Amino acid sequence: MKNVYDVFLERGFIEQVTDETEVRKALEKPLTCYIGFDPTATSLHIGSLVPIMALVHLQRNGHRPIALVGAGTALIGDPSGKTEMRQVLSRETIDFNAQCLRKQFSRYLDFEDQKALMLNNADWLTNLNYIGFLRDIGRHFSVNKMLAAESYKIRLEKGLSFIEFNYMLLQAYDFLHLFQNHECVMQMGGNDQWGNMLAGVDLIRRIEGKTAQSMTFPLFTTATGQKMGKTEKGTIWLDPEMTSPYDYYQYWINTDDADVGKFLALFTFLPMEEVNQAKSLSDKELNMAKAILAFEATRITHGEDAAIVAWQASVAAFGEKVMDPSLMPSSAIPRGQVAKEASAIPSITKTWDELAQGIPAYELVYECGLCSSKGEARRLIAQGGGYMNDEPIPAFDALISTDHLDGDGHIRLRKGKKKYMIVKVEEKK
RNA sequence: GGAGGGGUUCCCGAGCGGUCAAAGGGAGCAGACUGUAAAUCUGUCGGCUCAGCCUACGGAGGUUCGAACCCUCCCCCCUCCA
């Protein structure tokens, strides 16, 4: 079997490693490796997908991943690379979030028979005794060194409170705790965590006299320099209640050209030989590759059924697309003719009577959520960016009524090129 | 605790008594061009019952016909000193 290290390497997961040869060697045998996740919301978002995929790769290759929910450390807030102190969340909120994340992880990892573990650092951190902690752990840390750390630099200019300054000690302690109690010898995480992770490796060396390893992932931004998973609609969450599978799919299909290959490697399990095809694609074919990326990514997070519905909805909204069967054949995306299925396109329902009277276009555009204010809706339509059934809406106050229903009893509203909304009507009584 | 400097619209940042919903930039949105991408150019960019009105310049008061701009108190941030 291939060494996971090489899988990580060829798929672009690696930014820094403590010791490349040692890590590769260690990964020849099953080992335990952890990644921490912050329970700052009830769902993870696309930003956490790289670490999640890394855990899945580990498990698939016979290792034991630990997903560590940082309910304890979230009480402190990591100052690394942040310009300001983080909003402090209440204990209750954090605990609730931690519970939600547990469920979420089960979609990606198999927790049967301890094949993966999910732990919460509140279990050991909240019981620490202050004096004991200072004497056992605190004495191993040099303030001089910490002050020099890159991750604190920004904050030294703007102010760093003592509570945050301790974050590094706690994360290091986590690693030590997992090392001692769960034979965890490696930590992975985003590159912004490098300093905190090294602190853990260091602590293990000082206290246990043993070597642990860490590895960081690049912090991905899109080719346009945006953070992964942020759009004008807000964060792209992994929870289907918070971000619908259709929106999730659309996020991926809007990937920058330059990112398609990279993302296929990171966010799908397609074999690299097929992923590499993407590099030579352009125009229509590249768009197909984007559809495959979107489909596969949606499938991993929301399941195959949801992915198929999203793909059909996309076809319904943006037109027929027949998938070339030779393109990335490992993908489960349906090939050939695709049924158009509009049900995943967001919709609102009006009663027959309401619609029969006619509703001014800007009101309807606002009401269905395409625009966040009526003023914006007016401007949108006045500037020609509002469409009904693929025709520009002639005036902002043009009346939309039952006359505009199509054969399926739908009115399709569109904002710009990509944002669709369907207005349905209740059956006439 | 003391001295000084600050807090402006999503972000940065100008404004320092009326012409200020507030320059400029960034982000966002739309149009043109395209490939549901990028870049570029154009427009737009607080809300509404939209030629008018309402809400906004850390908070609360005050001066004034009129305040983001002046005064008082409070809160927060930064720098230096303890």
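Bear in mind the structure is a predicted one, so any value in this text is a computation, not a measurement. Residue numbering restarts at 1 for every chain, and letters A, B, ... go by the order of the sequence lines. Below, all heavy atoms of this structure are taken into account, side chains as well, without hydrogens, waters or symmetry copies.
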TODO: Could you verify whether a donor N or O on one side chain and an acceptor N or O on the other, from A/Tyr108 and A/Thr301, lie under 3.5 Å apart?
DONE: yes
Task: No-hydrogen, no-angle side-chain donor-acceptor test under 3.5 Å, A/Gln193 and A/Gln187 - done: no
Does [X] reach a base, just sugar-phosphate, or nothing at all? Heavy atoms under 4.0 Å.
| X | answer |
| --- | --- |
| A/Gly375 | base |
| A/Tyr387 | sugar-phosphate |
| A/Lys290 | base |

So, is [X] near the phosphate of [N], with a side-chain N or O under 4.0 Å from OP1 or OP2?
| X | N | value |
| --- | --- | --- |
| A/Lys418 | B/A37 | yes |
| A/Ser373 | B/G47 | yes |
| A/Lys284 | B/A37 | no |

If I pick the [atom1] atom on [M] and the same atom on [N], what distance separates them, to the nearest angstrom?
| N | M | atom1 | result |
| --- | --- | --- | --- |
| B/A67 | B/C54 | P | 14 Å |
| B/C69 | B/C20 | C1' | 11 Å |
| B/G59 | B/C10 | P | 13 Å |
| B/C45 | B/A51 | P | 15 Å |
| B/G66 | B/C74 | P | 26 Å |
| B/G25 | B/C57 | P | 25 Å |
| B/G4 | B/C53 | P | 44 Å |
| B/U55 | B/G47 | C1' | 7 Å |

Task: Residue whose closest nucleotide on RNA chain B lies nearer the 5' end, A/Arg414 versus A/Ser372 - done: A/Arg414
Return the value, rounded to whole Å, for the distance between atom [atom1] of [X] and atom [atom2] of [N].
| X | N | atom1 | atom2 | answer |
| --- | --- | --- | --- | --- |
| A/Ile393 | B/A30 | CD1 | C1' | 13 Å |
| A/Met288 | B/U36 | CE | C1' | 14 Å |
| A/Leu281 | B/G35 | CG | C1' | 13 Å |
| A/Lys415 | B/U44 | NZ | P | 17 Å |
| A/Asp257 | B/U34 | CG | C1' | 11 Å |
| A/Arg379 | B/C48 | CZ | P | 8 Å |
| A/Ile292 | B/U36 | CD1 | P | 17 Å |
| A/Ile381 | B/G31 | CD1 | P | 12 Å |

Among [options], which nucleotide has an atom closest to any side-chain atom of [X]?
| X | options | result |
| --- | --- | --- |
| A/Arg378 | B/C48, B/U36, B/C50 | B/C50 |
| A/Gln383 | B/G43, B/C29, B/G35 | B/G43 |
| A/Ile253 | B/U36, B/A37, B/A30 | B/U36 |

Any strand: nucleotide that pairs with [N] via Watson-Crick or wobble, under 3.5 Å:
| N | value |
| --- | --- |
| B/A30 | B/U42 |
| B/G1 | B/C81 |
| B/A68 | none |

- [ ] Please confirm whether A/Phe111 and A/Phe105 have ring centers closer than 6.0 angstrom.
- [x] no
Open item on the list: If you count every heavy atom of other residues, nucleotides or ligands that lies below 6.0 Å from A/Phe96 atom CZ, does the total exceed 12?
Closed with: no
Open item on the list: Suppose we call a contact any N or O donor and acceptor under 3.5 Å apart; does that hold for the side chain of A/Lys419 and the base of B/U36?
Closed with: no
Open item on the list: Quiz question: going by heavy-atom distance under 3.5 Å, is there a donor-acceptor pair between the base of B/U44 and the side chain of A/Glu376?
Closed with: no
Open item on the list: One thing to verify: whether A/Arg299 and A/Glu296 come together as a salt bridge, which I'm taking to mean a side-chain N less than 4.0 angstrom from a carboxylate O.
Closed with: yes
- [ ] Flag the pair A/Arg24 and A/Asp6 as a salt bridge only when some basic side-chain nitrogen lies within less than 4.0 angstrom of an acidic carboxylate oxygen.
- [x] yes
Task: Of A/Asp259, A/Asn254, A/Asp257, the residue whose pairing with A/Lys290 passes side-chain hydrogen bond (donor to acceptor under 3.5 Å, both in side chains) - done: A/Asp257
